[in-house]
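Below is one structure; the comments refer to it alone.
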Amino acid sequence: MDLGYTYSQAVAEASRCLLCHEPPCSAGCPANTNPGKFIRQLRMRNLKGAIATMYCNNILAASCGVLCPTCTLCASGCTAQGLDRPIDIGGLQRFLAEHSWEIGFRPIQAAAPNGQKVAIVGSGPAGLMCAAELAQRGFSVTLFERLEKPGGVLRHLLPEHRLSAVFFDREVKMLADLGVEFKCNQTIDGRAGLDELLAQGYGAVYLATGAWEAVRLDLPGADAGGIQGAMGFLARSKREPQVVKAEVKDKQVAVIGGGDTAMDVAVTAQRFGARDVYVLYRRSYAQMPGNPEEKLEVMQEGIHFVMLTQPLGYTSENGRVNGVKVLRTRLGDPDFGGRRRPEAIPGTEHVLPADVVVEAVGLKPGKGLKGFDGLKVDASGRVVVSEAGETDIANVFAGGDAVRGAALISHAIGDGARAGRAIADALLGGE
Ligand SMILES: Cc1cc2nc3c(=O)[nH]c(=O)nc-3n(C[C@H](O)[C@H](O)[C@H](O)COP(=O)(O)OP(=O)(O)OC[C@H]3O[C@@H](n4cnc5c(N)ncnc54)[C@H](O)[C@@H]3O)c2cc1C
């Protein structure tokens, strides 16, 4: 991560704000971080007020400042872009968070205990935010996490160049300071695990298990060695970087897909020493779903974007992949989602040599929810919930990627906060 703003730079950036009466930036934040208010406070040099505004609705405000695609969220409606460029809302969030750590300011506090306890399953952004919301209302909160440390995707999948572990740890520490208890290396195993939590006296359970199952293409030849899903590649790159470095060093790596996950895989492979990294995508650059700013940065890393290219299968030698069979496409009419549909161009089949292939074509809740009998899920495996996040099992709520499928951190934060309030209302009877 690069260096953030200094104090005077941050105030100067905030001073470009046009102080909209009904700020479109605040309306554009799914986590309700309220940039319209904290930028105004920062501009007036009310730093503690700005930090408190930012953190009271978003416990991961600093991580969001670094990772959110602000150009499609809060900054997309910024009126300053009519004059020059939108306010750098993410950069200001990061500055305020770093300033609060520097001066030891704790913007949020736990309320006096109300005697009730809540269990949260999964410690990604949705689980962490729900925990913060409940602790501030006096609940005793225990977070159960199947992995060795809390943080979900942000800790276990995002490459270090996107979010430093030291930086993220400081935000997670705020939850420990609120009295939230973390029980890591503890999987809540299906319906029996859920019922056990309720039997142990937890008044409610929040399921925030994320979307960790990689969608696979199931192409001919996919059983050859060297072909893998994005989640496995990214998780191993964090857990055992030396092993993955040895696998990709001086190799030709093909990444199939065009979203954020594909970009993270491509840059990781490049920085781990791959000779060439190709991103294969069947539509064109403009249709790629990833964050527009990130796509540009990835291109600047020297990654080759091979657009309008559809994978058909894999070639291999001695059981290991040595190429991706592909075909050129052209864009036809829009599909039901509004994006122009890729159409095959006959006779353009060819093989792109590749020693390692990573499929990054989508994620679904799948594995995290196996065995939760009685939980209503839709055809894509996402938990079905009410507006407040209630599932059809009494006192069990859900949110984040487990409900939405692969989405954004700010959506998960918004869900966690909403569910925290709904759980508090349900258990305290609106007190
Ligand atoms: C590679 C990648 C890059 C991304 N980049 C961005 C980005 O730049 N900007 C952005 O806004 N969004 C990004 N996202 C999306 C964002 O990370 C997710 O939307 C967000 O993390 C979802 O939060 P969550 O709390 O729902 O789940 P997660 O973060 O997935 O956390 C779920 C947690 O639940 C745990 N768990 C699962 N089952 C159990 C169980 N039975 N018992 C106990 N624990 C369990 C898991 O181990 C995990 O820690 C990215 C996603 C990926 C995969």
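Computed from a prediction, not measured in an experiment: that's the story for all the values here. Whatever order the structure lists ligands and atoms in, that order sets their numbers, starting from 1. Residue numbers start at 1 and run along the sequence shown.
When all heavy atoms are compared, the tightest approach of Y206 to A398 is CE1-C, 3.4 Å.
Atoms of ligand 1 found under 4.0 Å from any heavy atom of L147, numbered from 1 in the order shown, are 47 (O). Contact atoms of ligand 1 toward V121: 40 (C), 42 (N), 43 (C) (distance under 4.0 Å to a heavy atom of the residue). Counting the atoms of ligand 1 from 1 in the order shown, those under 4.0 Å from a heavy atom of A208 are 32 (C), 33 (C), 34 (O). Below 4.0 Å from some heavy atom of G152 lie the following atoms of ligand 1, by number and element: 29 (O), 31 (O), 48 (C), 49 (O). Of all the atoms in ligand 1, the ones that sit under 4.0 Å from a non-hydrogen atom of L408 are 10 (C), 11 (O), 12 (N), 19 (O). For ligand 1, the atoms closer than 4.0 angstrom to any heavy atom of F144 are 43 (C), 44 (N). Counting the atoms of ligand 1 from 1 in the order shown, those under 4.0 Å from a heavy atom of A412 are 22 (C), 23 (O). Ligand 1 places these atoms under 4.0 Å from at least one heavy atom of L363: 53 (C).
Judged by the shortest distance from any of its heavy atoms, R404 lies outside the 4.0 Å radius around the atoms of ligand 1. Ligand 1 has at least one atom lying under 4.0 Å from a heavy atom of R162.
For ligand 1, the polar-atom distance check against S410 finds no nitrogen or oxygen pair separated by under 3.5 Å. Residue G400 places no N or O, backbone or side chain, under 3.5 Å from any N or O of ligand 1. For ligand 1, the polar-atom distance check finds an N/O of R146 within less than 3.5 Å of one of the ligand's N/O atoms. For ligand 1, none of its N or O atoms has an N or O atom of D264 under 3.5 Å away. Checked by distance only, ligand 1 and I409 come closer than 3.5 Å through their nitrogen or oxygen atoms. The shortest N/O to N/O separation between D260 and ligand 1 does not fall below 3.5 Å. The distance criterion of under 3.5 Å between nitrogen or oxygen atoms is met by V153 with respect to ligand 1. Among the atoms of G399, none of the N or O lies under 3.5 angstrom from an N or O of ligand 1. Considering backbone and side-chain N/O of F372, none are found under 3.5 Å from N/O of ligand 1. In terms of polar-atom proximity, I188 is counted as a contact of ligand 1, with an N or O under 3.5 Å from an N or O of the ligand.
By the 6.0 Å contact criterion, NZ on K245 is enclosed, its count of non-hydrogen atoms from other residues, nucleotides or ligands being greater than 12. No more than 12 heavy-atom neighbours from other residues, nucleotides or ligands sit within 6.0 angstrom of NZ on K37.
For atom 31 (O) of ligand 1, the nearest non-hydrogen atom from the set G124, P30, G122 comes from G124.
A side-chain donor-acceptor contact under 3.5 Å links S63 and E171. A side-chain donor-acceptor contact under 3.5 Å links R275 and Q252. The closest side-chain donor-acceptor pair between N34 and S26 falls under 3.5 angstrom. If you check the side chains of Y5 and D88, you find a donor sitting under 3.5 Å from an acceptor.
Only the side chain of L158 comes within 4.0 Å of ligand 1, counting heavy atoms alone; its backbone N, CA, C and O stay farther away. At a 4.0 Å heavy-atom cut-off, ligand 1 touches A407 through the backbone alone. Neither the backbone nor the side chain of N291 comes within contact range of ligand 1; no heavy atom lies under 4.0 Å. Counting heavy atoms closer than 4.0 Å to ligand 1, residue L234 contributes side-chain atoms (C-beta onward) but none from N, CA, C or O. Using a 4.0 Å cut-off between heavy atoms, P125 contacts ligand 1 through both its backbone and its side chain.
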(message) Between R155 and D169, does the salt bridge (Lys or Arg N to Asp or Glu O under 4.0 Å) criterion hold? Intermediate values first, please.
(response) CA-CA 9 Å; R155 161 98 55 203; D169 277 342; 2.8 Å; yes

(request) Begin from the C-alpha positions of R283 and D335 and carry the test salt bridge (Lys or Arg N to Asp or Glu O under 4.0 Å) through to its verdict. (result) CA-CA 12 Å; R283 291 184 165 92; D335 59 17; 2.8 Å; yes

(request) Show the numbers, then the answer: is there a salt bridge (Lys or Arg N to Asp or Glu O under 4.0 Å) between E148 and R239? (result) CA-CA 11 Å; E148 66 286 2; R239 227 179 26 241; over 6 Å; no

(request) Verify salt bridge (Lys or Arg N to Asp or Glu O under 4.0 Å) between D415 and R404, making sure each step is shown before the conclusion. (result) CA-CA 10 Å; D415 286 352; R404 296 173 179 272; 2.8 Å; yes

Taking only distance into account, with no hydrogens and no angle test, what donor-acceptor pairs under 3.5 Å do side-chain atoms of residues 215-230 form with protein atoms, sequence neighbours excluded?
from: R216; atom 1: NE; to: E359; atom 2: OE1; distance (Å): 2.8
from: Q228; atom 1: OE1; to: R236; atom 2: NH2; distance (Å): 3.0

Distance-only criterion, 3.5 Å: show the donor-acceptor pairs between side-chain atoms of residues 115-136 and protein atoms not counting sequence neighbours.
from: Q116; atom 1: NE2; to: L427; atom 2: O; distance (Å): 2.9
from: K117; atom 1: NZ; to: Q200; atom 2: O; distance (Å): 3.2
from: S123; atom 1: OG; to: E145; atom 2: OE1; distance (Å): 2.8
from: S123; atom 1: OG; to: G151; atom 2: N; distance (Å): 3.0
from: E133; atom 1: OE2; to: R137; atom 2: NE; distance (Å): 3.3
from: E133; atom 1: OE2; to: R137; atom 2: NH2; distance (Å): 2.9
from: Q136; atom 1: NE2; to: A132; atom 2: O; distance (Å): 3.2

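Between F167 and W101, the ring-plane angle classifies as perpendicular under the 30° and 60° cut-offs. Between Y7 and F95, the ring planes are tilted. Angles from 30° to 60° get that label.
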